[in-house]
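First the structure, in the form of structure tokens, and then the observations on it.
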Amino acid sequence: ASTLALIETNAEGKLEPSCLNLLDAAKQLNNPIVALFVGSKAAIGAQDLQDSVKCEGLSKILVAKDSSLDHYLPENVSPLLADLLKDEEYTHFVVSSSSVGKNILPRLGALIDNQPVCDVIKILGPTKFIRPIYAGNALATIECPQTKKLLSIRASAFPAVETGKLEGAEVAEVPFTLKDALPIEWVSANLTKTSRPELGSAKVIVTGGRAFKDKESFEKYMVPLADSLNAAIGATRAAVDNGLCDNSLQIGQTGKIVAPSLYIAVGVSGAVQHLAGMKDSGTIVAINNDPDAPIFKNADYGLEGDLFEIVPQLTEKINAAKA
Amino acid sequence: MSAKLKILVPVKRVLDHQVKPLVNAARDGVATQGCKFSINPFDDIAVEEALRLQAAAPGAVEATHAVSIGPTKAQEVLRNCLAKGIGSAALVETGEALEPLAVAKVLAEYVRQQGFNMVILGKQAIDDDSACTGQMLAALLGWPQATNACKVALDSSNGVSVTRETDSGEETVRAPVPLVITTDLRLNQPRYVGLSKLMKVKRTKIPVLTLEKDFKDVDVKSRLQTVSVDEPATKQPGVMLKDVDELVQKLSEAKLL
């Protein structure tokens, strides 16, 4: 038995932070792990993995360098995976439950007539997994009797593997030429540029809701607060829909799912769909002028009052406390 | 666009998004007795997109059709689609919930039978949150897929440009039909449907198909077993603090600063 893990990299070919959590989940499956990198920058990812991650059980790295695999186009990546998984040695396949993983895994499942288990938050054994349903209002324990277990892993539910050096992993190239290419073309990407920590891996997240009336006030109050904590900035759907910030910052059932050590919700009412994206955070702080806002029921610490007064005070006092 | 579009919009009837789901006594699902059900919100966006494509290029769209795989009551959801302007609808009646792979197989067969060349559906259903069906359907049909669409544009040379929401921003892909598109939140704002339009379709007969008769060669058996469904651990009630100083002190004590 072995576990094949598709490791996602960014546009430069470097590891996405979520792969550290993915590898922890892979370790919990107790099989030897084979890491797979795809695309013309696959070798960069393989090197980055060897230079920066410690992971017991990871003994082999596969690189498939064909450029048709760039941008993780599922029409091309899923057939490659289907092909690799013909090897009976592989009993498990894991990928992050990211926009890339969610795009590829079901397509792979259908190609090999297999129903994946999506968004795994807990591994109970080689065939038994827990996944959230109904926006996390219920947790389903799933038994997977299929020969292959195809899993997408929710990064925020697993710790990161240690950083360090990966010793003694063998690197092998996988030959791949695309047969019967489908007529889809990747045109362009418009990536959100930020110098802040990423939502997926940040230790601290500050999130703004619809209480901010415009983009200027959102930035005026949220950026200094985030800076004081070296935090990532998140937003509710309402904030994104009102144009207060970029949609890639949305946290919730269908946005990003996060679980930082500290989560500060500013002017967030606490809709079920938002709670689904953050309720597993370590310490949750809510600042809101409505004492009945549902967010307070889900917070460890609540502060009732005008956020336009509280946030600058908080920012200043955090900076002072750190000095 | 030279090939005329025949658009299929698969829609799912789900527990309304405003109902708080509670685990049932048997611990094998959530309690649904007396609860309000509605169209899956993402499928509603798919319905809207089909209607907008048709309105924007009436000559390019030959037909719009909605289908639901579910209980008899899913007819209400389909009737709602008709009231909004979808051309026709059908129900594939089944008492048991199917897994995404089974749903995709039924839909693939339906697409082949009826000759659709574009399928628009929600990126995920808000009950099982699987986010699988669209991608699986595309694979089974051998079509490209454009998931999590926030913008769809038809161009003159038989192509569709789709801007997708991703974790790191947006990306654009382009493909000719046939194509599967799944919808994200910001693609459009679904219209409301007025009572008079609903009254007009109140007695419209919706064809009912069955798995046994109309999809008898399709393998719909479950691959996974749900062992149990449980409530997540509840959080200890938090404390209200009196001022910012107290908050900073608490965070300092917890070594969170």
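Since the structure is predicted, the reported quantities are computational estimates derived from the model, not experimental observations. Throughout, protein chains are lettered first and strands after them, A, B, ... in sequence-line order, and every chain is numbered starting at 1.
- The contact between A/Ser188 and chain B is made by backbone and side chain atoms together, counting heavy-atom distances below 4.5 Å.
- Put simply, of B/Leu185, B/Thr147, B/Val23, the one with the most heavy-atom pairs under 4.5 Å next to chain A is B/Leu185.
- Below 4.5 Å, heavy atoms of chain A meet heavy atoms from B/Phe42, all part of residues 40-48 of chain B.
- Ranked by heavy-atom pairs under 4.5 Å with chain B, the first of A/Glu16, A/Gln273, A/Gln313, A/Glu185 is A/Glu185.
- Contacts of B/Val239 with chain A are made by both backbone and side-chain atoms, with heavy-atom separations under 4.5 Å.
- The cationic atom of B/Lys6 (NZ for Lys, CZ for Arg) lies less than 6.0 Å from the six-membered ring centre of B/Phe116 and within 45° of the ring axis.
- Residue contact with chain B, scored on non-hydrogen atoms closer than 4.5 Å, involves the side chain of A/Leu229 exclusively.
- Contact of A/Leu182 with chain B is made through the side chain alone, with heavy-atom distances under 4.5 Å.
- For A/Glu304, the parts sitting under 4.5 Å from any heavy atom of chain B are the backbone and the side chain alike.
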Test side chain to side chain donor-acceptor pair (under 3.5 Å) on A/Glu8 and A/Ser96 and set out the steps.
CA-CA 8 Å; A/Glu8 195 180 329; A/Ser96 293; 4.8 Å; no

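- When the candidates B/Thr163, B/Leu224, B/Thr226 are compared by the number of heavy-atom contacts under 4.5 Å with chain A, B/Leu224 comes out ahead.
- Taking the charged nitrogens against the carboxylate oxygens, A/Asp113 and B/Arg223 do have a contact shorter than 4.0 Å, which makes a salt bridge.
- Taking the six-membered ring where tryptophan is involved, the planes of B/Tyr110 and B/Phe215 are tilted, since the angle between them lies from 30° to 60°.
- In plain terms, the two heavy atoms of B/Pro10 and B/Ile120 that are nearest each other are CD-O, 3.3 Å.
- For B/Leu15, the part sitting under 4.5 Å from any heavy atom of chain A is the side chain, from C-beta outward, and nothing else.
- Only the backbone of B/Asp243 has a heavy atom closer than 4.5 Å to any heavy atom of chain A.
- For residues 309-320 of chain A, the set of pairs meeting the salt bridge (charged side-chain N to carboxylate O under 4.0 Å, His left out) definition, not counting sequence neighbours, comprises A/Lys317-B/Asp245.
- B/Asn188 and B/Glu49 form a side-chain donor-acceptor contact under 3.5 Å, judged by distance and modelled atom types alone.
- The most heavy-atom pairs under 4.5 Å with chain A, out of B/Leu22, B/Asp128, B/Leu137, B/Thr182, come from B/Asp128.
- In this structure, chain A has a heavy atom under 4.5 Å from the side chain of B/Leu251, while its backbone stays farther away.
- Interface remark: B/Ala138 contributes backbone and side-chain atoms alike to the contact with chain A (heavy atom separation under 4.5 Å).
- A donor atom on one side chain and an acceptor atom on the other are found under 3.5 Å apart for A/Ser248 and A/Thr192.
- Rounded to the nearest 0.5 angstrom, A/Asn230 CG and A/Arg196 CZ are separated by 8.0 Å.
- For a residue to count as touching a neighbouring chain, one of its non-hydrogen atoms must lie under 4.5 Å from one of that chain's; by this rule B/Lys242 touches chain A with the backbone only.
- Of residues 98-109 of chain A, those residues lying under 4.5 Å from chain B by any heavy-atom pair are A/Ser98, A/Ser99, A/Lys102, A/Asn103, A/Pro106, A/Arg107.
- Annotation: residues 165-176 of chain B contacts chain A through B/Glu165, B/Thr166, B/Asp167, B/Ser168, B/Gly169, B/Glu170, B/Glu171, B/Thr172, B/Val173, B/Arg174, B/Ala175, B/Pro176 [non-hydrogen atoms, separation under 4.5 Å].
- Chain A forms more heavy-atom pairs under 4.5 Å with one residue of B/Leu101, B/Asp127, B/Asp230 than with any other, namely B/Asp127.
- Interface remark: of the candidates B/Arg27, B/Glu231, B/Lys123, B/Lys123 forms the most heavy-atom pairs closer than 4.5 Å to chain A.
- Contacts between B/Leu247 and chain A at a heavy-atom distance below 4.5 Å involve the side chain alone, from C-beta outward.
- A salt bridge links A/Asp119 and A/Arg154; the closest N-O separation between the charged side-chain nitrogens and carboxylate oxygens is under 4.0 Å.
- Proximity to chain B is limited to the side chain of A/Gln250, based on heavy atoms less than 4.5 angstrom apart.
- Among B/Gln124, B/Glu99, B/Arg186, the residue making the largest number of heavy-atom pairs under 4.5 Å with chain A is B/Arg186.
- Options A/Lys297, A/Gln146, A/Lys203 differ in how many heavy-atom pairs under 4.5 Å they form with chain B, and the most are formed by A/Gln146.
- Summarising the local packing, CG of B/Asp219 is surrounded by more than 12 heavy atoms from other residues, nucleotides or ligands at distances under 6.0 Å.
- For the pair B/Ser130 and A/Cys118, the tightest heavy-atom approach, listed with the atom from each and the gap, is O-SG, 3.7 Å.
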